[in-house]
**Student:** 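Handing you this structure, nothing more for now.
When a ligand or atom number is given, it counts from 1 through the structure's own listing order.
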Amino acid sequence: MARPQTLQQSLPGLLRVVGRFRFYIFKELPLIAGSLLALFAGIGLRLLEPWPLQIVIDHVIGLEPGGWLAGLLPLDALDPVALLTLSALSLVVIAGLRALADYGHTVGFALIGNRVTTQVRNKLYRHLQLLSLSFHTQARGGDLVVRVIGDVNMLRDVAVTALLPLIANMLILVGMLAFMFWLQWELALVAMATVPLFWLLTLRFSRRIHHFFRIDSTNNVALALAADGEPHGALVLAEEQTAGRGRLGRSWYSEKASGIYLSLILRPQLAVQQAPLLTLVAGLAARDAVVEATGLAVDIRWPNDLLVNGKKFCGILTEMQAEADRVRHVVVGIGVNVNHTRIPAELESIATSLQLAGGRPCSRLELVAGLLRAFDGYYNSLLNDGAAPLIARFGEVSSYAQGKRVRVTAPREEFIGTTAGLDSMGCLLIRRDDGEVVPVLAGDIRET
Ligand code: BTN
């Protein structure tokens with residue numbers, strides 16, 4: 001059967017999965033009730049937020065003195081300064097309580113998602129352990145365990161960071177609309193009339209993220225989309241690549257649901273010779289995101305291999321379509337080995353994953369979010385302040401920038417030298433043993 005590629009196609013399967021979780025969800029009923037209570041309290045407090053302003057309008061500006069609130073509190077007896085102070089104070093209290101209620105339901109829903117998926121994972125794990133020993137001794141048995149646990153972890157990421165917040169926000173929206181209809185249905189209808197506009201907006205922006213379960217290469221898809229006019233900032237993500245491509249015609253090992261395989265489409269206002277700087281942007285962004293998420297000591301080997309303990313776990317492939325003087329579009333493809341628990345034997349001596357290096361799994365979703373945030377920062381810094389800050393940052397975080405003995409394998413020659421910083425276009429400068437300093441535009445660098 002073909003794998004579902006869209007949300008609609010995935011829905012029946014997703015509902016079946018949720019059905020299987022029923023028992024574990026029922027076990028969390030008190031927490032669910034508490035989170036819903038916090039959520040509805042948040043709705044109520046949101047609806048209360050305009051009332052202090054109403055007090056100011058009715059009793060300070062004096063549009064409509066009296067009213068039901070004045071029946072409860074002696075508002076008309078207070079002077080304008082006291083009324084303003086009272087309104088400001090109540091606004092602060094309401095906003096504070098609302099923030100608390102929002103915090104309560106966000107944490108509550110995250111806890112529910114974590115607990116349910118952890119119980120399911122443990123149950124699955126126990127189940128798999130009970131399978132016959134002979135099954136376990138087969139390589140594919142271990143493979144199955146890793147994949148199942150990886151899939152459940154992915155489900156937890158999606159539930160905690162996307163699905164449950166989405167459900168909570170939908171409930172808030174529906175609750176507020178119901179209350180608005182109850183208070184004043186005419187005004188609620190006017191508010192509803194704006195909904196199609198939001199739908200149009202989501203249509204415009206949601207087209208910018210293309211997610212695939214299985215694809216040959218995210219760079220191939222991104223290049224095709226970019227040629228078709230996909231806008232700047234569009235993102236292509238895949239759970240698995242069947243023909244992931246690396247630099248210099250190599251392939252990129254892309255195990256299902258274990259790594260990050262993404263390509264960004266950019267339409268930068270840069271001269272063609274500046275485009276390689278985008279590779280530095282991507283390398284620095286990926287490094288920052290990984291350091292923030294794992295605390296590991298990450299090195300960058302020029303131009304953009306990320307290393308931990310001397311082994312590579314992240315590679316970047318930048319491809320460009322350009323005219324004589326202008327970049328038309330650039331595709332920056334980033335591959336990160338995140339939760340791989342095994343590296344193919346032929347790569348074991350040079351490659352690793354964050355889980356193998358750090359000893360614990362990492363949320364791919366958080367990493368992608370951190371990476372895109374950091375990319376945005378470095379990208380804007382490149383456009384606004386030029387290459388100098390990027391080059392300085394590279395010098396701070398890469399042990400390869402200065403004074404490292406390396407073997408350079410360039411397209412036309414191979415030689416040994418010592419690194420001597422980057423030039424203004426991001427090319428690595430190498431001091432040859434005869435003293436001459438040469439820039440390397442493309443090629444491979446290896447520590448000697
Ligand atoms: C390298 O170090 O050789 C670069 C590897 C780049 C791999 C990524 S994975 C996502 C994107 N799609 C591809 O086919 N390649 C890049």
**Student:** Less than 4.0 Å between a side-chain N and a carboxylate O, is that true for R405 and E447?
**Tutor:** no
**Student:** Could you see which bit of N304 sits under 4.0 Å from ligand 1, with heavy atoms only: side chain, backbone, both or neither?
**Tutor:**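 N304 to ligand 1: no contact under 4.0 Å from either part.
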**Student:** Would you say R328 has more than 12 foreign heavy atoms packed within less than 6.0 Å of its CZ?
**Tutor:** no
**Student:** Enumerate the atoms of ligand 1 whose separation from the nearest heavy atom of G244 is less than 4.0 angstrom.
**Tutor:**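 The atoms of ligand 1 under 4.0 Å from a heavy atom of G244 are 14 (O).
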**Student:** For Q241 and ligand 1, answer yes if some heavy atom of the residue is under 4.0 Å from a ligand atom, otherwise no.
**Tutor:**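 Yes, Q241 has heavy atoms under 4.0 Å from ligand 1.
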**Student:** Can you tell me which residue and heavy atom of the protein come closest to atom 3 (O) of ligand 1, and the distance to 0.1 Å?
**Tutor:** R247 N, 2.6 Å
**Student:** Would you say the ring centroid of Y103 lies under 6.0 angstrom from that of H105?
**Tutor:**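 Centroid separation for Y103 and H105: 6.0 Å or greater.
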**Student:** In terms of residue, atom name and distance, what is the protein heavy atom nearest to atom 10 (C) of ligand 1?
**Tutor:** T218 OG1, 3.2 Å
**Student:** Pick, from I316, T318, I334, L264, the option with the minimum heavy-atom distance to atom 4 (C) of ligand 1.
**Tutor:**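 Minimum heavy-atom distance to atom 4 (C) of ligand 1 goes to I316.
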**Student:** With heavy-atom distances below 4.0 Å as the criterion, list the atoms of ligand 1 near K312.
**Tutor:** 1 (C), 2 (O), 3 (O)
**Student:** Count the heavy atoms of every other residue, nucleotide or ligand shown that sit under 6.0 Å from CZ of R431, and state whether that count exceeds 12.
**Tutor:** no
**Student:** I want to check a possible cation-pi pair here: K404 against Y400, using under 6.0 Å from ring centre and within 45° of the ring axis as the test.
**Tutor:**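 Positive - K404 is close enough to the ring of Y400 and near enough to its axis.
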**Student:** What is the closest protein heavy atom to atom 15 (N) of ligand 1, and at what distance does it sit?
**Tutor:**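 Sorting protein heavy atoms by distance from atom 15 (N) of ligand 1 puts R245 O, 2.7 Å first.
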**Student:** Can the positive tip of R432 be found less than 6.0 Å from the middle of the six-membered ring of F415, inside 45° of the ring normal?
**Tutor:**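 Because its charged atom sits under 6.0 Å from the ring centre and within 45° of the axis, R432 does stack over F415.
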**Student:** For atom 8 (C) of ligand 1, grab the closest protein heavy atom and report residue, atom and distance to one decimal in Å.
**Tutor:** G335 N, 3.6 Å
**Student:** Look at the aromatic rings of F212 and H210 and report parallel, tilted or perpendicular, splitting at 30° and 60°.
**Tutor:**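 Parallel.
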